[in-house]
Structure formats: C-alpha cells, structure tokens
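Throughout, protein chains are lettered first and strands after them, A, B, ... in sequence-line order, and every chain is numbered starting at 1. Any value given below was found using the heavy atoms of this structure, including those in side chains, with hydrogens, waters and symmetry copies removed.
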Protein chains: 2
Amino acid sequence: MTGEARARFERIYTLLRERICLLDYPPGMRLREEDLAEEFDTSRTPIRRVLARLEDEGYLRSVHGVGTMVTDIDIASLEQVYRLRVELSELIGKLSPVPPDEDAKRAFATMKSRCEELVGTPSQRAFAQLNMDFFHLLMTLTENEPLQEFSERLYYQTTRIWLKRAAGEDGTEETLASEIGFFLREVSDIAAAVACGALESVGQIRRAHVAMSFARLKKRAGEEVEAASF
Amino acid sequence: MTGEARARFERIYTLLRERICLLDYPPGMRLREEDLAEEFDTSRTPIRRVLARLEDEGYLRSVHGVGTMVTDIDIASLEQVYRLRVELSELIGKLSPVPPDEDAKRAFATMKSRCEELVGTPSQRAFAQLNMDFFHLLMTLTENEPLQEFSERLYYQTTRIWLKRAAGEDGTEETLASEIGFFLREVSDIAAAVACGALESVGQIRRAHVAMSFARLKKRAGEEVEAASF
DNA sequence: GCCAACGATGTTGTGTACAAATCAGCACCA
DNA sequence: TGGTGCTGATTTGTACACAACATCGTTGGC
C-alpha cells in the first residue's frame with residue numbers, strides 16, 4: 001500500500017481509533033462495514049483493511065454473521081496492560097530523549113493552562129481530549145519509534161477503559177473533578193521537569209502517575225463490588 | 001473474523017513470519033499475492049489480510065503496481081529496536097513471572113543439550129531454529145500477554161536482521177561458530193537460573209546477552225565499513 | 001401453552017473482474 | 001549516441017456479487 005491509498009487508510013484508521021478512545025464508539029457498540037464505507041465514500045474493501053488492523057490491535061472484534069463490536073476489557077487483563085505501561089512510561093526519559101527547545105517548553109506550559117481552565121469547567125469530553133493531546137506531546141520527547149508505537153498502543157487500550165470507568169457513565173461527577181485535579185498535578189509536575197530539561201525525571205513522574213491512576217481505578221472498582229453486594 | 005477463518009489466518013501468518021525470520025524470504029525478496037494464494041489453496045483476499053498485518057508490523061512493504069517486498073532495516077533503526085528490546089527483556093522476570101515446574105526445568109535442560117550438539121555441527125539454519133525455540137520457551141516464564149506480544153514483535157524484527165549479518169551470507173563461518181558459543185553460554189546461564197527458580201536473574205541475564213549480542217553486531221558492522229574503505 | 005423447526009433478514013468472509021500504477025523494452029527522433 | 005515517449009506486461013488496490021453464518025420471529029405440531 002502506498003501513496004494516496006496509504007494516506008486514506010491512515011486517516012480512517014486514526015479517526016476510528018480516536019472515536020473508540022473518546023468513547024464515541026463505547027465498548028460493546030456494533031459497527032457496520034457498509035455504514036462506514038458510505039461515510040468515507042468508498043467500498044467495503046478499504047474499510048475492511050482498517051477494521052482488520054483495529055481488530056489485530058485489540059480494539060475491535062469481528063464475528064462472522066454477527067458484526068464487529070468494540071471490545072471491552074476485564075480488570076485482570078487491564079492490570080496486565082497497565083503493569084507494562086508503567087514500565088514503558090519511564091523509558092521516555094531513557095531511550096533517545098530529545099532535549100526540549102523553547103517551543104516544546106511553551107507547549108507544556110499551554111497544556112498546564114488548558115488543564116487549569118478545565119478545573120473550572122469540568123467536562124468528560126474535554127478531559128479526554130486534553131489527556132490525549134498531553135500524551136502525544138509527551139511522545140515528542142523521545143525519538144525511539146518502536147517505543148512510541150508501543151506506548152501508543154498501551155495508551156489507547158488502557159485510557160478508553162479508564163475513561164469509561166473513571167469519568168464516563170460509570171463515574172460520578174465527583175470522580176471526574178477528582179481525576180482532573182490529579183491530572184493537573186501531573187501536568188504541572190511534568191511541565192516543571194521539562195522546563196529544566198530533566199527528561200529522566202519526566203519519565204519517573206509519568207511512571208508514578210500512571211501507576212497511581214490505575215491504583216485509584218482498582219480501588220473504585222473494588223468499592224463498587226462491595227456496594228453491589230449490600 | 002472467527003472460527004475456521006481465524007485459524008487459517010493464524011496458520012498462514014505464523015508460517016510466513018517464520019519464513020521471513022529464518023531468511024527463507026530474505027530482505028528484498030518480492031512476494032506475489034497470487035503465488036501465495038495458490039500455495040494455500042485460496043483466493044487473494046485472505047492472503048491480502050495476512051500480508052496487510054505483516055506490513056503493519058513492519059516485515060513487508062507493498063507498493064501499488066510493483067509488488068510486496070520483505071523489508072530491510074538500516075543499522076540506526078535497528079539500534080532503536082534493540083534498545084527497547086534490551087529493556088523489555090528484563091521484564092520477563094518482573095511482570096507476572098510463572099514459577100517453573102519440573103517440566104519447564106527439563107525443557108531448559110533439553111535446550112542446553114541441543115545447543116551443545118550444535119557446537120559440534122554448526123549450521124546456520126539449525127542455529128536460527130534453536131534460537132527461536134529458546135525465545136518461545138523463555139516467553140512461557142511470564143503470563144503478561146501484552147509483554148509477550150511486544151517481545152515477540154521485537155524479537156522477530158531484530159533477529160532476522162541479526163541472523164542475516166551475523167550468521168547468514170554476510171557472516172563468515174567463524175562468526176557463526178563464535179555466535180553459537182555465546183549462545184551456549186546464555187542458554188547455560190539461564191537454564192541454571194531457571195533450575196533454582198530465580199526468574200529475576202533470568203531477566204537480567206537475558207538483558208545482558210541481548211545487549212552484548214547487539215554490541216558484537218555493531219562492532220562487526222563497523223569493521224566491515226573499515227575494511228571496505230581500504 | 002410450549003417447544004422445535006424453519007425461513008426471512010442482516011452481517012461478515014470469499015472469489016473475481018476490473019481499475020490504477022509501475023516498469024522494462026523499444027521505436028523514434030534530435 | 002542519448003534521451004524521450006509509448007506500449008504491453010505485470011502487480012497491487014478497489015468494487016461488487018455471492019457464499020457462509022448467526023439471529024430472531026413465526027408457524028406448526030403436540
């Protein structure tokens with residue numbers, strides 16, 4: 001695949017993955033190849049190429065004669081993914097780190113501002129978008145492409161589930177506000193580390209926050225189970 | 001995709017990947033969809049599904065109107081992949097390690113025997129196969145599926161290039177014998193660590209050997225350049 | 001009333017014809 | 001002689017028709 005075909009493929013792939021991650025396509029939702037083909041003004045063939053990749057990467061599951069559904073993940077599998085994500089997070093500062101220039105530093109400062117705004121006007125959607133933008137900004141700090149690719153996979157796989165449970169339908173407004181608060185701290189800490197060029201610290205801070213984020217998620221899941229049993 | 005279709009897909013995918021890794025399909029070789037379709041007694045459609053995945057994972061590159069070629073990798077990209085692989089190697093002993101039972105210990109002992117045999121009758125092909133079998137045996141020591149998946153990707157991506165340069169056409173018989181010697185030491189050390197259940201040590205030993213393996217590769221590459229400039 | 005068999009409907013998987021693109025060879029001309 | 005454009009062959013990308021399969025409602029028997 002090359003040229004125009006490749007470009008279209010990437011466009012559709014990225015868009016669908018984003019819809020899945022932002023819960024526009026929530027876990028369990030059924031997609032129809034023909035609908036997508038119509039939306040992107042093409043036939044089923046190129047669409048199936050995209051869906052195949054999304055299935056290989058674990059976002060979708062196609063069943064012959066039924067449909068293709070957005071996957072959900074049980075807490076046990078999610079823990080495995082998170083454990084690996086924690087380890088990879090730290091590598092940002094270790095594998096081919098890119099010393100941030102002034103533009104990069106400004107970008108992190110801007111993130112912090114956007115985050116502070118969000119504290120005043122909490123919104124699940126805006127939070128999800130900001131979280132994603134921040135992740136991609138972080139990825140610019142390393143030049144190690146395999147690390148970027150794997151981190152992206154782990155991020156999208158975990159974040160959509162985390163978002164669903166922590167700040168989606170399942171979560172209260174309190175938890176949303178609380179999570180935004182934690183996120184503001186993370187962004188502040190990392191922005192500070194970036195400002196003085198301490199990329200190894202960036203990795204360590206990120207690692208700590210990813211780990212804590214999952215710990216909170218597990219704690220809430222445990223409480224739900226407890227509450228349900230009464 | 002499900003049921004029989006899935007099984008066939010996995011079968012063809014695994015087989016083609018193995019052919020690529022064992023250099024039956026060396027870098028630069030051109031594959032034809034129709035030939036493969038005929039070999040596996042099907043149409044181009046399911047074959048294209050497999051090739052698409054192999055392309056997404058970086059083993060192949062399809063170009064409209066030309067063909068699909070097995071990729072090669074420059075030493076710079078390879079270094080990035082190796083750096084990450086070194087880090088992930090150690091995680092085998094840290095993320096959901098599985099205490100080896102007697103069968104597992106025996107399997108490692110068998111590996112050591114096979115390796116000792118190989119020292120007497122060196123063969124590039126047998127070495128490649130043994131190396132691959134050993135990798136898969138190592139992977140049974142962790143239950144972390146994402147770690148398994150990523151390790152596999154990095155292994156296949158690096159090993160085929162390493163094999164080509166270290167023990168393939170580019171390498172002398174001396175380097176092959178030398179590499180087999182190093183490999184025997186690695187297998188011995190790891191088998192010993194497994195025998196006493198020290199999985200954390202397994203990870204550290206593996207990490208060290210992966211790193212040294214790449215160091216040797218780079219050294220040889222440097223010497224070649226030097227030799228060529230005279 | 002209940003259950004089983006069956007058919008209608010909808011969806012993904014496969015086969016195939018055709019479109020689009022690249023490349024090698026060759027004729028042709030400056 | 002060198003370059004330039006054309007044509008045919010080859011190969012991947014796309015569209016579409018059909019096969020395989022699952023689901024659900026219906027209908028008939030008991």
What nucleotide among D:dG13, C:dT22, D:dC21 has an atom nearest to a side-chain atom of A:Ala5?
D:dG13

Send over the distance from [X] [atom1] to [N] [atom2], rounded to a whole Å.
{"X": "A:Glu33", "N": "C:dT14", "atom1": "CD", "atom2": "C1'", "value": "12 Å"}
{"X": "B:Arg30", "N": "D:dA9", "atom1": "CZ", "atom2": "C1'", "value": "12 Å"}
{"X": "A:Phe40", "N": "D:dA15", "atom1": "CZ", "atom2": "P", "value": "14 Å"}
{"X": "B:Arg6", "N": "C:dT14", "atom1": "CZ", "atom2": "C1'", "value": "17 Å"}
{"X": "A:His64", "N": "D:dT23", "atom1": "NE2", "atom2": "P", "value": "12 Å"}
{"X": "A:Leu54", "N": "C:dT12", "atom1": "CG", "atom2": "P", "value": "14 Å"}
{"X": "B:Arg32", "N": "C:dC23", "atom1": "CZ", "atom2": "P", "value": "17 Å"}
{"X": "A:Leu31", "N": "C:dG13", "atom1": "CG", "atom2": "P", "value": "13 Å"}

Which residues satisfy the salt bridge (Lys or Arg N to Asp or Glu O under 4.0 Å) test with A:Arg216, sequence neighbours excluded?
A:Glu179

On DNA chain D, nearest-nucleotide positions of B:Glu4 versus A:Arg8: which is more 5'?
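Comparing both residues, the 5'-ward one is A:Arg8.
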
Whether [Y] and [X] form a salt bridge (side-chain N of Lys/Arg under 4.0 Å from carboxylate O of Asp/Glu) is what I want to check.
{"X": "B:Arg160", "Y": "B:Asp72", "answer": "no"}
{"X": "A:Arg125", "Y": "A:Asp24", "answer": "yes"}
{"X": "B:Arg48", "Y": "B:Glu33", "answer": "yes"}

Indicate yes or no: at least one non-hydrogen side-chain atom of B:Leu36 is less than 4.5 angstrom from one of B:Leu51.
yes

Please walk me through it: do A:Asp41 and A:Arg8 pass salt bridge (Lys or Arg N to Asp or Glu O under 4.0 Å)?
CA-CA 11 Å; A:Asp41 195 37; A:Arg8 179 175 62 175; over 6 Å; no

Within residues 42-52 of chain A: residues closer than 4.0 Å to DNA chain D (heavy atoms):
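Output list: A:Thr42, A:Ser43, A:Thr45, A:Pro46.
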
